Chemist: 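Structure provided below as structure tokens; questions to follow.
Read the numbers this way: they start at 1 and go in the same order the structure lists the ligands and their atoms. Remember, predicted model here, so these are calculated numbers, not experimental data.
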Amino acid sequence: MQYVEISTDFSAAHFLESEFIHGHNFKVKVKFYGNLDNDGMVVDFDKAKDTLDEICNKFDHKVMLAESSVDSRNIAGEIKVQKKIYDIAKEDIVFLPISATTAEYVAEYIAKKLKEKFKSQNLKISVELEENYDSSATFFM
Ligand SMILES: [Zn+2]
């Protein structure tokens, strides 16, 4: 078995319980593990890169919010999270179907999206999401 690796990055804001809103320049490193196909590839680099960019571009320059962490939201754009009210333009928010916007959960979300797109291929996928040079989380499936 071999693996190929691709990467991308995005800038986004998030906040976890007991944290103030803040941002990171996230780096995403993805490994696809598998056997070589008839063309001698584990995965097509262009397709893999395009797919990863498509997923991550949705987060770029946005506020990432876990759907379940939002107490309420109204049509005026006000969002209530942990008793604080934020007025953030709707188009600046990306709601994610995860429990919290930790690096762990976001990495898992990206991995599942990739797995969906490459489900016809027998690949193992790992996604490493780096918040800072000294901290990252990896999800493997
Ligand atoms: Zn953070």
Chemist: Looking only at the aromatic ring of each residue, does the gap between the centers of His14 and Phe26 stay below 6.0 angstrom?
Modeler: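 Here the rings of His14 and Phe26 have centres that are less than 6.0 Å from each other.
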Chemist: Can Phe32 and Tyr3 be said to form a side-chain contact (heavy atoms from CB on, under 4.5 Å), step by step?
Modeler: CA-CA 5 Å; Phe32 293 90; Tyr3 74 79; 5.9 Å; no
Chemist: Salt bridge check: are Lys112 and Glu116 linked by an N-O gap of less than 4.0 Å?
Modeler: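 Result for this pair is no, no salt bridge flagged.
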Chemist: Using 2.8 Å as the cut-off, note every protein N, O or S atom close to the Zn ion (ligand 1).
Modeler: His14 NE2, His22 NE2, His24 NE2
Chemist: Is the side chain of Asp37 donor-acceptor paired with the backbone N or O of Asp39 at a distance under 3.5 Å, no angle test?
Modeler: yes
Chemist: Just jot down the side chain to side chain contact (heavy atoms under 4.5 Å, CB included) partners of Ser126, sequence neighbours excluded, or say none.
Modeler: Lys31, Tyr33, Thr138, Phe140
Chemist: Do the charged groups of Glu54 and Lys117 touch, with an N to O distance under 4.0 Å?
Modeler: yes
